[in-house]
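Presented below is the structure to which this report refers.
Note that the numbering runs from 1 along the sequence shown for the chain.
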Amino acid sequence: MTYTPEFAAKSRCVRLETPRLIVREHRLEDLIPLHAILTHPAATWYIPSMRKESEGETEAYLRSVMRDAERPIRLRYNLAIEEKDTGALLGSVGLHRIDGTSEGAHYGLGYFLRPDRWNRGYTTEAARAALGFLFGGNACRVSASCLAENLGSRRVAEKCGMTQEALLKSHTWHDGQWKDCAVYRVFREDYLF
């Protein structure tokens with residue numbers, strides 16, 4: 001598969017296409033479907049900080065994501081995952097710069113998807129497109145982390161060619177207890193475009 005980033009020259013708008021998906025900037029029309037995802041207990045179980053209670057909270061989040069897209073120096077990309085055939089918003093893939101220079105940067109990768117589209121390879125397809133976008137730029141390393149018990153997220157990282165780098169014992173407070181966290185990484189020279 002080939003993932004080709006297309007850029008609107010002046011707006012710096014990101015749009016990535018895969019066989020089944022469009023990974024693009026969020027827009028205000030995403031509010032209702034995004035709110036449905038961010039209020040869904042299963043969709044936000046492993047990312048409680050993303051859980052929203054009201055449509056107003058989701059709108060504030062969405063507007064902050066849209067403001068990030070307009071910044072002259074972009075440190076975060078929160079991109080919508082859209083199903084090509086239906087135009088449905090499926091979730092989001094997030095990229096944030098952790099450290100680096102113009103010569104090379106370290107980014108973090110995160111993702112979430114609406115539960116009725118789980119186990120179809122959509123998250124992996126979107127994450128691969130995002131990695132191709134980053135490594136086509138100045139990224140030299142991308143890392144992702146999740147609770148060790150989150151086997152779905154771990155499979156996505158592994159299918160994207162990421163290697164488990166660490167298992168942090170009793171690292172994250174979740175559901176009333178300390179849980180282990182798995183950390184994954186991939187370097188540009190190891191990534192298969």
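For the salt bridge (Lys or Arg N to Asp or Glu O under 4.0 Å) test, no residue two or more places apart in sequence or in another chain qualifies with K159. For R27, the side-chain contact (heavy atoms from CB on, under 4.5 Å) partners are R24, E29, D30, E82, not counting sequence neighbours. Partners of H106 by ring pair (Phe, Tyr, Trp, His ring centres under 6.0 Å), not counting sequence neighbours: none found. Evaluation of the salt bridge (Lys or Arg N to Asp or Glu O under 4.0 Å) rule for E57 yields no partner, not counting sequence neighbours. A search for side-chain contact (heavy atoms from CB on, under 4.5 Å) contacts involving A127 returns L109, Y111, V156, C160, not counting sequence neighbours. Contacts of R51 classified as salt bridge (Lys or Arg N to Asp or Glu O under 4.0 Å), with partners at least two apart in sequence or in another chain: none. Residues satisfying the side-chain contact (heavy atoms from CB on, under 4.5 Å) test with T163, not counting sequence neighbours, are R185. With sequence neighbours excluded, the residues forming a salt bridge (Lys or Arg N to Asp or Glu O under 4.0 Å) with R20 are E125, listed by chain and number. In this structure A36 satisfies the side-chain contact (heavy atoms from CB on, under 4.5 Å) test with no other residue, sequence neighbours excluded.
For the residue pair T18 and A129, the shortest heavy atom distance occurs at CG2-CB, 3.7 Å. When all heavy atoms are compared, the tightest approach of L147 to R154 is O-CD, 4.3 Å. The minimum heavy-atom distance linking R97 with A105 is given by the pair NE-CB, 4.0 Å.
Within the structure, ring-ring contact (aromatic ring centres under 6.0 Å, His included) contacts touching residues 19-62 (residues at least two apart or in different chains) are W45-H174, Y46-H174. The salt bridge (charged side-chain N to carboxylate O under 4.0 Å, His left out) analysis of residues 107-120, with sequence neighbours excluded, yields the pairs E83-R117, R114-D116.
A donor-acceptor pair under 3.5 Å is formed between the side chain of D180 and the backbone N or O of S170. Side chain of E165 to main chain of V183: no donor-acceptor pair is present (N/O by atom type, distance under 3.5 Å, no hydrogens or angles).
No option in T123, L38, T44 other than L38 meets the side-chain contact (heavy atoms from CB on, under 4.5 Å) test with F112.
Annotation for D175: atom CG counts as buried by contact number, over 12 foreign heavy atoms lying within 6.0 Å.
W178 shares a hydrophobic cluster with W173; the chain of contacts runs through ILVMFWY side chains whose heavy atoms sit under 4.5 Å apart.
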